[in-house]
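First the structure, in the form of structure tokens, and then the observations on it.
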Amino acid sequence: MGFLDIKNATKSYGTVKVLHETDISVEEGEFLVLVGPSGCGKSTLLNMIAGLEEVTSGEIAIRGNRMNEVRPADRNIAMVFQSYALYPNMNVAQNIAFGLEMHGVVKAERDKAVQGVAELLQITQLLDRKPGQLSGGQRQRVAMGRALVRDPDVFLFDEPLSNLDAKLRVDMRTEIKKLHQKLGRTIVYVTHDQIEALTLSTRIAVMFGGYVQQLGTPKEIYDNPANMFVAGFMGSPSMNLFPAKLSAADGKAFANFALAEGGTGSLAVPDPALARHDGRDIILGIRPEAITDPDGADRNSKDIHHVEARVEITEPAGSDTFVVTEFGGKEVTGRFRADVDVKPAKVQTFAVNMEKAVLFDPVTEERVV
Amino acid sequence: MALASTDTVIRTGRTSRFIIYTVLIVFCIYYLLPLYVMLVNSLKPLDEIRGGGMLSLPQEWTLAPWGSAWSTAQIGVEATGLRPYFLNSLLMVVPAVAISTMLGALNGYVLTKWRFRGDTIIFGLMLFGCFIPFQMVLIPMARMLGLMGLAGTVPGLIFVHLVYGIGFSTLYFRNYYAQFPDELVRAAMIDGAGFFRIFQRIMLPSSGPIAVVCIIWQFTNIWNDFLFGASFADFDSQPMTVALNNLVSSSTGVKEYNVHFAGAIMAALPTLLVYVVAGRFFVRGLMAGSVKG
């Protein structure tokens with residue numbers, strides 16, 4: 001039993017099931033990120049934890065106490081909303097103090113708590129202003145202050161950064177991570193941004209179609225995606241997924257795929273057990289950083305294999321150059337060092353780190369190895 | 001910005017400007033003329049009016065017609081002036097406007113933020129209620145007021161106007177609160193505020209503009225109502241509009257036009273006042289900044 005337990009929870013609207021049986025156990029101090037495209041059920045799950053949506057079946061428990069029938073106000077949670085949801089008629093101090101006031105905290109204590117939180121978030125000079133007079137980043141801070149001041153068991157964040165511009169988003173992301181490290185509180189955080197998920201979380205639940213596709217640490221999710229959805233959703237640029245056929249030779253397994261200019265590429269698969277799957281169709285998943293120029297390949301890897309293929313286009317990105325070619329009829333992106341001389345339409349040697357390769361079944365889209 | 005905006009303003013020459021202003025002034029005179037006639041003739045002795053020249057300024061200025069209309073003129077059978085009826089109207093309009101506005105706000109809040117099965121049907125029925133002609137409900141309403149023991153009283157009139165007013169005030173507030181972000185209510189729920197607390201602390205303080213619109217509308221309608229006043233009120237509960245009618249139509253002997261004009265202006269003043277005073281608070285953008293906009 002964890003600190004926050006989601007046990008077999010589901011949510012249906014009429015006959016439409018938007019969240020299928022979900023089990024997640026969050027430990028105290030964990031930073032759990034629910035990530036997925038819109039409509040995947042992540043916000044629904046968050047609202048169920050908050051008590052803003054009823055649980056159709058199953059249970060939500062905090063500190064071992066069943067919460068299904070408990071009012072949001074009595075769950076000892078605090079939530080930061082996407083739109084910040086600051087009360088427009090109150091100034092910043094009143095906004096932050098409102099929750100305490102509703103919970104019957106006396107004025108003197110409220111003022112002290114507001115002052116403390118304002119100092120923590122560096123918004124002391126804004127306390128007398130109305131939300132309308134604040135910038136986006138300042139509103140964001142106030143919204144966080146309103147959550148922090150309650151000192152709740154669980155913090156809930158509903159896409160808190162999606163209304164900020166790109167630069168500010170990165171700054172606030174760091175800020176939230178710092179706050180988590182400093183305060184060590186339990187956080188459940190919803191986002192559609194996989195980079196936010198990877199950078200902030202201690203654990204990620206990748207959701208799609210009302211199911212948790214995979215639950216794990218950022219490294220697990222990134223290196224060992226459970227299926228093609230997770231593989232394609234997490235990481236930027238996303239993982240290359242292309243069809244290949246397994247073959248066996250000398251007790252080793254090879255993945256073979258067509259190349260754009262004709263001919264066949266062949267890569268040895270590290271797991272020799274796959275040799276018995278001779279002739280099986282698979283989807284090969286390789287991240288761009290595992291497809292490099294030969295000199296830029298990971299020196300610690302024992303499974304670097306070379307493929308000669310024609311370069312379609314190059315996309316210089318400053319620190320790296322993304323080189324696009326075609327494996328098995330799909331566009332495949334490799335990540336070359338910026339100073340390597342690569343020209344479109346020329347044949348180039350791609351070094352593929354097969355230690356990092358993952359294989360999926362083309363029908364079920366589940367992981368094979 | 002300044003440069004761009006000067007470019008987009010429609011440029012008008014001297015002649016077109018002259019024509020525009022002339023037309024506007026003519027319309028102004030056209031609309032203000034009745035008020036002018038009422039005002040100057042309410043300040044004249046009766047002889048001057050009978051001598052013709054309705055449009056001319058008084059030769060002898062007098063406030064006597066105003067005093068007469070207010071406190072001594074013959075209304076129906078008694079020479080009370082309009083004063084007691086003015087009071088009746090106030091006693092009727094203030095509670096009717098206040099209660100219908102409050103209930104409208106509450107309805108709008110429930111219909112947008114605490115939605116329930118069938119809420120759209122309820123709202124639809126309320127809207128339908130707005131468009132039922134007054135004449136149609138006269139007899140059922142008279143029966144209802146009789147059963148409630150409110151026939152011929154000011155509370156009875158308040159009740160009638162309340163029933164009619166709630167439809168409109170609900171419509172106003174529902175549409176206003178529909179724009180109000182749901183997340184604010186959710187945030188308040190998590191902060192620990194209940195149904196009425198959210199209404200009182202979050203919704204109402206942000207409802208200024210729509211409350212003003214609602215109050216102006218209700219006040220004007222209820223103050224100016226004649227039909228319900230004439231149908232459901234007794235002599236001691238008649239509103240201003242009915243009394244004004246009695247003043248004008250029941251004077252025996254000479255028609256005291258100057259007194260009639262003074263009475264008519266008195267009947268119109270409160271609505272004018274509401275426009276002038278409440279209009280100042282009609283400030284847009286009170287909601288700005290609650291959410292990213």
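Proteins come first, then strands; the chains are lettered A, B, ... in the order of their sequence lines, and each starts at number 1.
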_Presence of salt bridge, B:Arg201 and A:Glu101, under 4.0 angstrom_ = yes

*Do you know which two heavy atoms are closest between A:Phe98 and B:Ala188, and how far apart they sit?*
CE2-CB, 4.3 Å

*Any donor-acceptor pair under 3.5 Å linking the side chain of A:Arg150 with the backbone of B:Ile190?*
yes

*Heavy-atom neighbours of A:Met90 CE exceed 12 at 6.0 Å*: yes

*Residue selection (most heavy-atom pairs with chain B, distance under 4.5 Å) from A:Asn95, A:Asp158, A:Asn47*: A:Asn47

*asked:* Please check: side-chain N/O of A:His103 versus main-chain N/O of B:Asp191, any donor-acceptor pairing under 3.5 Å?
replied: yes

*Determine whether more than 12 heavy atoms belonging to other residues, nucleotides or ligands lie under 6.0 Å from atom CZ of A:Arg203.*
yes

*Answer yes or no: does atom NZ of A:Lys17 have more than 12 heavy-atom neighbours from other residues, nucleotides or ligands under 6.0 Å?*
yes

*asked:* Under 4.5 Å from any heavy atom of chain A, what part of B:Arg186 do you find: side chain, backbone, both or neither?
replied: both

*asked:* Looking at A:Glu69, I want to see if its CD is surrounded by more than 12 non-hydrogen atoms of other residues, nucleotides or ligands under 6.0 Å.
replied: yes

*Is the CZ atom of B:Phe116 crowded by more than 12 outside heavy atoms at less than 6.0 Å?*
yes

*Partner set under side-chain contact (heavy atoms from CB on, under 4.5 Å) for A:Asn76, not counting sequence neighbours*: A:Pro152, A:Asp153

*Do A:Asn89 and B:Leu204 come within less than 4.5 Å of each other through their side chains, counting heavy atoms only?*
no

*For A:Phe81, does its backbone N or O pair with a side-chain atom of B:Glu183 as donor and acceptor, under 3.5 Å?*
no

_Looking at B:Ile121, I want to see if its CD1 is surrounded by more than 12 non-hydrogen atoms of other residues, nucleotides or ligands under 6.0 Å._
no

*Could you check which of A:Ala73, A:Ala78, A:Ala143 has the highest count of heavy-atom pairs closer than 4.5 Å to chain B?*
A:Ala73

_Closest non-hydrogen atom pair, B:Leu184 against A:Pro88_ = CD1-CD, 3.9 Å

